Q: 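One structure is given below, represented as structure tokens, and several questions about it will come after.
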Amino acid sequence: MLEKRRFIVGSLLIAGAVAYLVWAGIRATSTYYFEMDEFVARRAQHDGEDLRVKGWVRAGTVQWDPGRGTLAFELGRQDGSDAVPVAFTGILPDMFAEGREVVVEGRWAGGQLVARQIMTSCPSKYEPALEPGPAAGGA
Amino acid sequence: MVELGRLAVCLALLLSGVAVGASVLGARLRRPDLVRSGRHAAYAVFALVALATVILLRALLTRDFSLEYVAAYASSTLPTYYALAALWGGQQGSLLWWTFLLTLFAALVQLQNRDRNAALMPWVTATLMTIASFFLGLVVFLTDPFERLPVPALEGADLNPLLQNYWMLIHPPSLYLGYVGASVPFAFAIAALCTGRLGDQWIRTTRRWALFTWFFLTLGNLFGAMWAYEVLGWGGYWAWDPVENAAFMPWLVSTAYLHSVMIQEKKDMLRVWNMVLVLLTFLLTIFGTFLTRSGVISSVHSFTQSGLGPYFVGFLLFTLVVTAGLVAYRLPELRTPGTIESFLSRESAFLFNNLVLVGIAFAVFWGTIFPVISEAVRGVKITVGPPFFNRVNAPLGIALLFLMGIGPVIAWRRATPRNLWRAFAWPTAAALAAGGVLLAAGIPAGLAWLTFVGGVFSLGTVVQEFWRGMRARQAMLQESAPRALVRLVDKNRRRYGGYLIHVGVIAIFVGIAASSAFRLEVQQSLAQGEEVSIGRYRLRYEGIDGWEDGHVSVLHAIIGVSVGERRIGTLEPEKRFYKKPKQPTTEIAKRSTLREDLYLVLGAYDPDTQRITLLAYVNPLVTWIWLGGLVMALGTAVAVWPAASERSARVTVPGGVRVGAE
């Protein structure tokens, strides 16, 4: 009986440890993920916070300095409305281009998103054609 | 031709239904003729799907651009082997490919068991054919790979340049083999539940299938990591992307199963638990497929909103309800009298290892679906990224590493102090010594240090097992040392193959710990002739060069690499600009040694000033991860190879024969 109890205690300890790690991990690392319209509506409340924002790279706003490795552009909706300035230092992702859908991960501060990472959605195994074209129809 | 392919999948769908019906009726009414019809129908389904697959393959290879699929995923300049890979490069083709593997496995299982498991087989057929009809239904009604374009295209849109890489030829197929292979143990589990033959017959029959599944999931995950490392150019190999997680979760659960099943074979315990693990592995493979197809969870791999999501959810729920119902129905019979006698026993070490593995799978699952849950509960999407997964899984992984050292050598039933001393004195001493040496060498006492210590401990137990086994044979049979070692392994392949796999896993753990904790990273803008240092390397930008053909134009920087004053080589990281889908890709350059990888990325090039932005990483011990994978493959080969004793129809019990260890 004692052995059984020890055993149950051991199992509970493991389950408890997993639960605790998940809980603490989520508390410490979770960030909001906003679509453009949500972000525009709520950005005032999230000043100084780390966020992920999904939007489209506005045409004509991309300034890339390959010498310094600095990138500035505006994030907008798909139709080009709204403009959130984004600043980034680093390597331009391969898939980054005007009009593309991107997820910007970084801090919202002082009226601009200071990006740590820009995730370009694409390396898809299932839908390679990014540019809409006659032969690129999906399923 | 193409119409024939369409006809073949339609007929296959019909016949898969027939196979299910005939098998179930045959089993219920005890009509061998019906069971036979079911079996034959399953063979026919395989033949038809194979035909359809060959037809699609032929269309891809001949670049038949009248087919929408071919026009979307191939082009006339695409090399032949990538045209082959386009079979699984797109949604429609990959589902057909999945169905092909499934029906192939179904046919193989029939063939293997034509004179065996007569009671189980109809249910196995019915289960596999039910899965097949789901996928065939998708192929026929929703994602027709044989759809023609209204007007044939003159040229195809081509395969995504990122996929035009040799990994595309090996990574997806191995992952698919693993994913689809999980259906076979699942089908036997369902058959066992349906017939009430819950003993270990079904487990013995599917032992090799389970190992096969696990092996290809292992390879698939590792190949995916290598692909990411060599192609995506961010210096790492694993990003905890939902798609990676989708492949990792079934691997975790099937790893747990491979261990706990030994307890059932040896002690007839944990029947319910094993059953649940097999069912869960299969459900996770379907869940993974769902994740990658539905666009429910945003991923670096962006997926088409293909509308398949609801169907997968439906199938997932259906499977969940059926399996849960069956388990609940058989629960009284599944319960076994055996209980774990001692906290300090191999049974309990295995069970704790199982709990940790399933715990990791749970954490990964939770982190992956967290955005969906938070949106449903709180109305906002909250995501967790790699930091979450690393934080949660690092301690769990280290616990697993230590358990991996304890499990194989602790005594069954109840370990006595004497047994514990005998089993763990040396490994513990080795681990403590290694820990001290590492501290003295300046490695801080953190998670990486703990991983190294755990690795030495686990390796110590494995080496000790080999050593003692060998010495015992030498003493008893007067064999020479190499001969004793070979015979030792050959006499108990499953056990020592398993140990070898553990050695590979230890190497992977060490590689992951070192490369996450001690990696260096430098980003620098350089004019020609300028240098940047990273670690012990000096990198000098010596020039830029390029070439071009009809398909792609390539720019490569020439970087001279020196250590101290000694020049050790030249690396040429590239940017490629594909012409068809106009898109740049990054080709990294690296110099791998056992000690570390020097990994260079050409970040940017300014044609006006000729300046480049160079991104350099030093990743310690990454090679150990790939070598560990190789050792795991070797260990698996040792474990599945039929032992001499098996030919004389003896059943080997894992860890049952403790040669010279007592």
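FYI, side chains are in, hydrogens and waters are out, and symmetry mates aren't considered; it's all heavy atoms of this structure. This is a predicted model, so every value here is computed, not measured. Letters A, B, ... are given to chains in the order of the sequence lines, protein chains preceding strands, and every chain is numbered from 1.
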Q: Please check if atom CH2 in A:W108 has more than 12 non-hydrogen atoms from other residues, nucleotides or ligands closer than 6.0 Å.
A: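 Yes - once you tally the heavy atoms of other residues, nucleotides and ligands closer than 6.0 Å, there are more than 12.
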Q: Does any backbone or side-chain atom of B:I360 lie under 4.5 Å from a heavy atom of chain A? Answer side chain, backbone, both or neither.
A: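 For B:I360, no heavy atom lies under 4.5 Å from chain A.
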Q: Find the distance between NZ (B:K381) and CZ (A:R52) and round it off to the nearest 0.5 Å.
A: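 Output value for this atom pair is 11.5 Å.
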Q: So do A:V22 and B:F388 actually touch side chain to side chain, heavy atoms under 4.5 Å?
A: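 The answer is yes; the side chains approach within 4.5 Å.
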Q: Can you tell me how far NZ of B:K575 sits from CG of A:D94, rounded to the nearest 0.5 angstrom?
A: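 Answer for the CG-NZ pair, A:D94 versus B:K575, is 4.0 Å.
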Q: I'd like to know which of B:F362, B:W234, B:F352, B:F389 tops the heavy-atom pair count under 4.5 Å against chain A.
A: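 Ranked by heavy-atom pairs under 4.5 Å with chain A, first place is B:F352.
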Q: Between B:L615 and chain A, with a heavy-atom cut-off of 4.5 Å, which part of the residue counts as in contact: side chain, backbone, both or neither?
A: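 Side chain of B:L615 only, per the 4.5 Å heavy-atom cut-off to chain A.
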Q: Name the region of B:R576, side chain, backbone, both or neither, that has any atom closer than 4.5 Å to a heavy atom of chain A.
A: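 For B:R576, there is no contact with chain A at all, as no heavy atom is under 4.5 Å.
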Q: Return the option, out of B:S525, B:S374, B:A399, with the maximum number of heavy-atom pairs under 4.5 Å with chain A.
A: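 Winner by heavy-atom pair count: B:S525.
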Q: At a heavy-atom distance under 4.5 Å, which candidate from B:L396, B:I382, B:V358 has the highest pair count against chain A?
A: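 That would be B:I382.
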Q: Any idea which of B:S348, B:P145, B:A527, B:A363 has the most non-hydrogen atom pairs under 4.5 angstrom with chain A?
A: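 Among B:S348, B:P145, B:A527, B:A363, the one with the most close pairs to chain A is B:S348.
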Q: Is it the case that more than 12 heavy atoms not belonging to B:Y311 sit under 6.0 Å from its OH atom?
A: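 No, because the 6.0 Å sphere around OH of B:Y311 holds 12 heavy atoms or fewer from other groups.
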Q: Start with the C-alpha gap between B:T383 and A:Y32, add the side-chain angles, then the distance that decides, and say whether side-chain contact (heavy atoms from CB on, under 4.5 Å) holds.
A: CA-CA 6 Å; B:T383 54; A:Y32 283 104; over 6 Å; no
Q: Contact part of A:I14 toward chain B, heavy-atom cut-off under 4.5 Å: side chain, backbone, both or neither?
A: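 Answer is side chain: those atoms of A:I14 sit under 4.5 Å from chain B.
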Q: Measuring from A:D65:CG to B:D606:CG, what's the distance to the nearest 0.5 Å?
A: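 One gets 7.5 Å once the value is rounded to the nearest 0.5 Å.
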Q: Specify which of A:A97, A:G90, A:P93 makes the most heavy-atom pairs with chain B at under 4.5 Å.
A: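 The residue among A:A97, A:G90, A:P93 with the greatest pair count is A:G90.
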Q: Between A:A28 and B:R391, which heavy-atom pair has the shortest distance, and what is it?
A: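 Residues A:A28 and B:R391, closest heavy atoms: CB-NH1, 3.4 Å.
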Q: Does any heavy atom of chain A fall under 4.5 Å from the side chain of B:T609, the backbone, both, or neither of them?
A: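 Interface part for B:T609: neither.
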Q: Is any side-chain heavy atom of B:P395 closer than 4.5 Å to a side-chain heavy atom of A:L21?
A: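 Yes, their side chains come closer than 4.5 Å.
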